[in-house]
K.L.:
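Before anything else, here's the structure in question.
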Amino acid sequence: MSHWDSLSLVGELKIPVLFLAGEDDEVVPHEQMLALHWQHRDHAMASDSVLAASPAKSTLVSFPGGRHNETWLLDDYYGSIASWLESFPSLSSGKAG
């Protein structure tokens, strides 16, 4: 068992988070990634109006068949990251934050 309490800590993040989850991850089980995403999403929506208004406040992208060390090889892995980044107008326009 890990000594990192990720489930408690993720709720403290006041920034948008992209969760990329392999559904067959043998190191970080998919159920754990779902729990982290839900915890971040629920906390973000309840606690911070700026983050709650963000279109990409807490995003989960799941990859069927994705394993811990191979998910990055699956179709649209990098496209998912690019799409998420494009949801931030200041990044898309080239303006810094």
Side-chain angles (χ1 to χ4, degrees):
M1 175 136 184
S2 173
H3 66 278
W4 301 105
D5 187 5
S6 300
L7 193 58
S8 293
L9 295 173
V10 75
E12 296 178 21
L13 294 175
K14 300 205 182 295
I15 58 171
V17 176
L18 172 62
F19 296 89
L20 300 168
E23 291 183 7
D24 293 334
D25 192 318
E26 67 284 6
V27 177
V28 182
H30 191 62
E31 295 78 19
Q32 185 176 7
M33 290 298 291
L34 292 172
L36 289 169
H37 165 64
W38 292 330
Q39 177 75 358
H40 181 262
R41 181 200 62 195
D42 292 348
H43 182 72
M45 290 180 71
S47 67
D48 186 277
S49 61
V50 173
L51 184 57
S54 170
K57 58 188 163 287
S58 186
T59 303
L60 172 73
V61 180
S62 294
F63 296 91
R67 295 177 50 87
H68 191 74
N69 290 318
E70 289 87 25
T71 299
W72 66 276
L73 296 168
L74 297 176
D75 288 342
D76 209 35
Y77 181 86
Y78 291 102
S80 298
I81 296 169
S83 294
W84 185 76
L85 290 172
E86 288 168 1
S87 71
F88 297 93
S90 63
L91 293 176
S92 299
S93 67
K95 296 177 186 173

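Any value given below was found using the heavy atoms of this structure, including those in side chains, with hydrogens, waters and symmetry copies removed. All of these numbers come straight from a predicted model, not from anything done at the bench.
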K.L.:
Taking the side chain as every heavy atom from C-beta outward, state whether I81 and W84 have any atom pair closer than 4.5 Å.
P.N.:
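A side-chain contact is absent here, since even the closest heavy-atom pair is not under 4.5 Å.
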K.L.:
Are I15 and L9 connected, step by step, through hydrophobic side chains (Ile, Leu, Val, Met, Phe, Trp, Tyr) whose heavy atoms are closer than 4.5 Å?
P.N.:
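No.
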K.L.:
To the closest 0.5 Å, what do you measure between CG (L13) and OG (S58)?
P.N.:
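It comes to 9.5 Å.
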K.L.:
Parallel, tilted or perpendicular, judged at 30° and 60°: which one describes the rings of H37 and F19?
P.N.:
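Perpendicular.
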K.L.:
So, using side-chain hydrogen bond (donor to acceptor under 3.5 Å, both in side chains) as the criterion, who are the partners of S62 when residues are at least two apart?
P.N.:
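Residues passing side-chain hydrogen bond (donor to acceptor under 3.5 Å, both in side chains) with S62: H30.
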K.L.:
Shortest non-hydrogen contact from L60 to A21?
P.N.:
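Closest approach of L60 to A21: CD1-CB, 4.0 Å.
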K.L.:
Please name all residues satisfying side chain to side chain contact (heavy atoms under 4.5 Å, CB included) with S6, sequence neighbours left out, ordered by chain then number.
P.N.:
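Counting only residues at least two positions away or on another chain, S6 forms a side chain to side chain contact (heavy atoms under 4.5 Å, CB included) with W4, L36.
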K.L.:
Roughly how far, to the nearest 0.5 Å, is CG of D76 from CZ of F63?
P.N.:
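The distance works out to 6.5 Å.
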K.L.:
Donor-acceptor pairs under 3.5 angstrom involving side-chain atoms of residues 65-72: please list them, not counting sequence neighbours.
P.N.:
unit_1	atom_1	unit_2	atom_2	d
H68	ND1	D25	OD1	3.1
H68	ND1	D25	OD2	2.9
T71	OG1	R67	N	3.3
T71	OG1	R67	O	2.6
W72	NE1	N69	O	3.1

K.L.:
Say you draw a straight line from NE2 of H40 to CD of E12; how long is it, rounded to the nearest 0.5 Å?
P.N.:
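Rounded to the nearest 0.5 Å, the NE2-CD separation comes out at 11.0 Å.
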